[in-house]
Amino acid sequence: MPVSDAKQLLTVIDQASFAMDDVLLYLDTHPCDQAALNYYQYVTKLRREAMEAYESSYGPLLVDHVQSNQYWTWVQGKWPWEGGNTVCGTMKNGCNTR
């Protein structure tokens, strides 16, 4: 995945998540539609890759993605929707949502 900027990654995650929800609703009534199943697999992979890329640089987006046994990183720094992109133990300046 060529996207590396935090804001771009969050956009990809949002868009893929929306697409997943949308195709899941369709699949509830059309469970044998192979094209829809293929699309679901595609957007699921896209979302997973974007989340992995984001979390490797900026920390977990979901509480069950915390990867540390030494420190509870879930509460470190600002949340992404607050304009923060923090890595455990560091604060990044210049992230203002206003």
Colleague: One pair to check against side chain to side chain contact (heavy atoms under 4.5 Å, CB included): Tyr42 and Asn38. What are the steps and the verdict?
Modeller: CA-CA 6 Å; Tyr42 166 75; Asn38 292 342; over 6 Å; no
Colleague: State, yes or no, whether a side-chain contact exists between Leu37 and Gln34 at a heavy-atom distance under 4.5 Å.
Modeller: yes
Colleague: Starting at CZ of Arg47, measure out to CG of Asp14 and round the result to the nearest 0.5 Å.
Modeller: 9.5 Å
Colleague: First locate atom CG of Leu24, then atom OG1 of Thr44, and finally report the distance between them rounded to the nearest 0.5 Å.
Modeller: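 Rounded to the nearest 0.5 Å, the CG-OG1 separation comes out at 7.0 Å.
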Colleague: Return the CE to CD1 distance between Met20 and Ile13, rounded to the nearest 0.5 Å.
Modeller: 11.5 Å
Colleague: Grab the two heavy atoms, one from Leu9 and one from Ala50, that are nearest each other, plus how far apart they are.
Modeller: CD2-O, 4.0 Å
Colleague: For Val12 and Leu46, which heavy atoms make the closest approach, and how far apart are they?
Modeller: CG1-CG, 4.1 Å
Colleague: Using the rule given for side chain to side chain contact (heavy atoms under 4.5 Å, CB included), can you reason through Met51 versus Arg48, listing the C-alpha separation, both sets of side-chain angles and the distance that settles it, and then say yes or no?
Modeller: CA-CA 5 Å; Met51 288 188 69; Arg48 182 175 46 257; 5.9 Å; no
Colleague: Atom CG in Leu10, atom OH in Tyr54: separation rounded to 0.5 Å?
Modeller: 4.5 Å
Colleague: Looking at every heavy atom in both Asp28 and Pro31, which two are closest together, and how far apart are they?
Modeller: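 In this case the closest contact between Asp28 and Pro31 is O-CD, 4.5 Å.
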Colleague: Does the plane of the ring in His30 sit parallel, tilted or perpendicular to the ring in Tyr26? Use 30° and 60° as the thresholds.
Modeller: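 Rings of His30 and Tyr26: parallel, under 30°.
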Colleague: Could you grab the distance from atom CG of Asp22 to atom OH of Tyr40, nearest 0.5 Å is fine?
Modeller: 13.0 Å
